Amino acid sequence: MSDIPVITIDGPSGAGKGTIARQLATELSFHLLDSGAVYRAAALHALDRGADLDDEASVLVALQSMKATFKPHPEGVQVWLDDRNVTSDLRLETTGNAASRVAVMAGVRESVLDEQRSFRKAPGLIADGRDMGTVVFPDATLKVFLSASQQVRAERRSKQLKEKGINVTMGSLLQEIGARDERDSSREHSPLVAAHDALIIDSSDLSINEVVAQIRSALSAADTVG
Ligand code: DC
């Protein structure tokens, strides 16, 4: 346990956790943990080493040689595997799906626990992911569970991809989001679930600023940070 404040933001992919977490971290001058990036880096490293993503032992052997560096950046964390900048590879849909596959493995989750907790430094931390409030920081100062309908998340993702010049059909996006939700929520170890003491926010009809305002007012009500 630690006195350093932590705000956890958990929720399904595409709910806006990353954007909200970055904005809050900037406003409060807190550190930021993008735990999805930790799982994405693990999956990428395992793939690079030729591991079989359906075989936990094979993935764990690969992870023994992983040297990942996470550097804060205004547009999201920058990630190196050894001395290779893998930030853009990390954001690929294929890497997200591979991350979701290795994230079902208890040994993988255990192996990244200390790394994630090491981000808890003064003056405080904003941690986003799936199990930040339930498993990694159960003593968090404030726990937020951010959701949005699958339709809204698919529309947001489609817009982001269009901005990058990539066109995908809504049908395929909805299918991918549904499959990822199902795997993240139904897994045995640390499934995606709201902590019993989490503030639940449905961001389907809210702007980023409205979500941040709700979190800030919960913080003021708790009279803890900010
Ligand atoms: O948030 P993201 O899309 O970058 O996460 C990629 C995958 O990593 C996600 O589908 C499940 C896994 N993950 C996890 O199991 N636990 C976390 N705390 C964060 C991510």
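Keep in mind that what you see is a predicted model, and the values were worked out from it rather than measured. Whatever order the structure lists ligands and atoms in, that order sets their numbers, starting from 1.
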Heavy-atom side-chain contact between Lys67 and His45 under 4.5 Å: no
Set of residues satisfying salt bridge (charged side-chain N to carboxylate O under 4.0 Å, His left out) with respect to Arg187, sequence neighbours excluded: Asp184
Who are the salt bridge (charged side-chain N to carboxylate O under 4.0 Å, His left out) partners of Asp10, not counting sequence neighbours? none
Using the salt bridge (charged side-chain N to carboxylate O under 4.0 Å, His left out) criterion, which residues pair with Glu27? Sequence neighbours excluded. Arg216
Distances for all N or O pairs of ligand 1 and the protein under 3.5 Å?
residue, atom, partner, partner atom, Å
ligand 1, 1 (O), Arg130, NH1, 2.9
ligand 1, 1 (O), Arg130, NH2, 3.3
ligand 1, 3 (O), Arg40, NH2, 2.9
ligand 1, 3 (O), Arg130, NH2, 3.4
ligand 1, 3 (O), Arg180, NH1, 3.2
ligand 1, 4 (O), Arg40, NE, 2.6
ligand 1, 4 (O), Arg40, NH2, 3.3
ligand 1, 10 (O), Arg180, NH1, 2.9
ligand 1, 10 (O), Asp184, OD1, 3.4
ligand 1, 10 (O), Asp184, OD2, 2.9
ligand 1, 15 (O), Arg109, NH1, 2.8
ligand 1, 15 (O), Arg109, NH2, 3.4
ligand 1, 15 (O), Arg187, NH1, 2.8
ligand 1, 15 (O), Arg187, NH2, 3.0
ligand 1, 16 (N), Arg109, NH2, 3.0
ligand 1, 18 (N), Ser35, OG, 3.0
ligand 1, 18 (N), Arg130, N, 3.0
ligand 1, 18 (N), Asp131, OD1, 2.9

Check: Val104 and His189 side chains under 4.5 Å, non-hydrogen atoms: no
Before you tell me yes or no, could you show the steps for Arg91 and Asp34 under salt bridge (Lys or Arg N to Asp or Glu O under 4.0 Å), namely the whole-Å CA-CA distance, both residues' side-chain angles and the distance that decides it to 0.1 Å? CA-CA 12 Å; Arg91 289 296 132 213; Asp34 169 0; 3.1 Å; yes
